[in-house]
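First listed ligand is number 1; within each ligand, the first listed atom is number 1.
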Amino acid sequence: MRMKEEVLRALGESSGYVSGEEISRAVGKTRTAVWQWIEELRADGYVIDAATRRGYRLVSRPDRIYPWEIARHLDTEFIGKTIHYHEYIGSTNDEAKQVARNGATEGTVIVAEGQVKGRGRRGRSWASPFGAGVWSSTILRPKISPYDAPKVALVSALAVVRAIREVTELDASIKWPNDVLVDGRKVSGILVEMDAELDTVRALVLGIGINANVPQDAFPEDAKESAISLSAAAGRTLDRARLLGRTLTHLEAVYVEWMEKGFDTLLDALRENTATLGRDVRVIEAEGEWGGVAVDLAQDGALVVVDDQGARRTVYAAEVTIRPRSES
Ligand code: BT5
């Protein structure tokens, strides 16, 4: 992997031809070895032109979220330093849980081009067509109590919002507690799962799905109206490796801020970026359904809703749908 990365770097730094000699000097391997790595890269989908006496030229990169492609857009200390890549997988969250149990370090990321058993919350499924989205799971080992684990969904949603804004200039916002919306439709969903004892979190698995280039007809029937892709909203195909690299970079920044300075320091940014606030909502809980206006985020990230009877209620875990604004 490292060798591929280095050969690619040597190739990619020039827009013209690079001689086999130069590449072999840059990576410290023989020209025969370089030629073998070029063949490997071609098998990965890189188009590399070779011309006698001039050398090699990188013509195009494949639309793949290879770890070394993500790494080009990463600016982190620990998140994404190890990335496990899969073409197809059941669910990156399931794989991450397994890898975490086997002792993976904090910041290890699992990515897949496609998931055949992508999961949402409460047993729902998540459409994850091949090569069209960013389906990833990050292993975190925060020193927090299990009670605080839900905060990680909100913090991650903020990172996704920031990455989308950076990469697309679209106006993304958080739908409390685990979605990211563009134009009022879901572009990203977050699924946090935890391996914990009574008072300590052993590992958190943070699953982030982002609809980068998912065609509208690939969404399931029940999500056709509510889901959208960044590509549809932005009117162009997105570089998924860049989107993921920037998401992980923002994720590390907000996570470190939370761990070092406390959750309070993120509250204002969360409030500013939460589309749910100020809106009429329906809250669907195990005990029943009710309506109200979402007015604030509490200190711990819970949603504060003034219900239709005027009572202030704090919502910790529920389905919250935003009621459409009335026409008047
Ligand atoms: C979520 O669940 O929004 C969390 C989704 C997390 C997906 C990531 S991908 C990487 C990692 N590995 C996994 O297996 N999962 C995570 P929830 O709030 O329950 O939303 C699920 C509902 O959204 C479904 O019932 C559909 O109605 C709708 N839906 C399904 N696929 C969608 C998609 N690609 N985009 C938007 N909406 C979708």
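Hydrophobic clustering of Ile, Leu, Val, Met, Phe, Trp and Tyr side chains at less than 4.5 Å, counting indirect connections, keeps L204 apart from W135. Note on I79: it does not cluster hydrophobically with V205, by side-chain heavy-atom contacts below 4.5 Å among ILVMFWY residues. Residues W126 and F130 do not share a hydrophobic cluster, clusters being chains of Ile/Leu/Val/Met/Phe/Trp/Tyr side chains in contact below 4.5 Å.
Looking at ligand 1, you'll find an N or O of S91 within less than 3.5 Å of one of its N or O atoms. Below 3.5 Å of separation, one finds no N or O of L191 facing any N or O of ligand 1.
Residue K224 qualifies as enclosed at atom NZ: its count of foreign heavy atoms under 6.0 Å is above 12. Within a 6.0 Å sphere centred on CH2 of W35, other residues, nucleotides and ligands contribute 12 heavy atoms or fewer.
Counting protein heavy atoms only, atom 28 (C) of ligand 1 is closest to A223 CB, 3.7 Å. Residue, atom and distance of the protein heavy atom nearest to atom 8 (C) of ligand 1 are G209 N, 3.7 Å. Scanning the protein heavy atoms around atom 31 (N) of ligand 1, the nearest turns out to be A127 N, 3.0 Å. Taking atom 21 (C) of ligand 1 as the reference point, the nearest protein heavy-atom neighbour is R124 NE, 3.9 Å. Of the protein's non-hydrogen atoms, the one nearest atom 15 (N) of ligand 1 is R119 O, 2.9 Å. Protein heavy atom nearest atom 38 (C) of ligand 1, with residue, atom name and distance: W126 CZ3, 3.4 Å. Nearest protein heavy-atom contact of atom 27 (O) of ligand 1 is D222 OD2, 3.1 Å.
Taking the six-membered ring where tryptophan is involved, the planes of W258 and Y255 are perpendicular, since the angle between them exceeds 60° and thus also 30°.
Looking at heavy atoms from C-beta onward, Q36 lies out of side-chain contact with M3 at the 4.5 angstrom threshold. You'll find the side chain of V305 reaches within 4.5 Å of the side chain of W290, heavy atoms only.
Proximity of R121 to ligand 1, defined as any heavy-atom pair under 4.0 Å, is shared by backbone and side chain alike. If you look at Q115 next to ligand 1, the close heavy atoms, those under 4.0 Å, all belong to the side chain. Contacts of S136 with ligand 1, taken as heavy-atom pairs under 4.0 Å, involve the backbone alone. Residue-level proximity to ligand 1 for V214 is absent, since no heavy atom of it falls below 4.0 angstrom. When non-hydrogen atoms are compared, ligand 1 lies under 4.0 Å from neither the backbone nor the side chain of V187.
Atom numbering of ligand 1 starts at 1 in the shown order; those under 4.0 Å from a heavy atom of T92 are 10 (C), 11 (C), 12 (N). Those atoms of ligand 1 with a heavy atom of F219 less than 4.0 angstrom away are 33 (C), 34 (N), 35 (N). Each of the following atoms of ligand 1 lies closer than 4.0 Å to a heavy atom of N178: 1 (C), 3 (O), 18 (O). Interface atoms of ligand 1 facing S125, defined by a heavy-atom separation under 4.0 Å, are 24 (C), 30 (C). The contact set between ligand 1 and P220, taken as ligand atoms under 4.0 Å from a residue heavy atom, comprises 30 (C). Each of the following atoms of ligand 1 lies closer than 4.0 Å to a heavy atom of N211: 33 (C), 34 (N), 35 (N), 36 (C). Below 4.0 Å from some heavy atom of A227 lie the following atoms of ligand 1, by number and element: 35 (N), 36 (C), 37 (N). Residue-ligand proximity, G118 to ligand 1, at heavy-atom distances under 4.0 Å covers atoms 14 (O).
For the pair S231 and V214, the tightest heavy-atom approach, listed with the atom from each and the gap, is OG-N, 4.4 Å. Across all non-hydrogen atoms, the minimal contact from I65 to G133 is CD1-O, 4.5 Å. When every heavy atom of A26 is checked against every heavy atom of A10, the shortest pair comes out as CB-CB, 4.2 Å.
Heavy-atom separations between K186 and ligand 1 include at least one value shorter than 4.0 Å.
Of the N and O atoms on the side chains of N211 and R185, not one donor lies less than 3.5 Å from an acceptor on the other residue. A side-chain donor from one of T92 and Q115 sits under 3.5 Å from a side-chain acceptor of the other.
No side-chain donor-acceptor contact under 3.5 Å links D296 to the backbone of A298.
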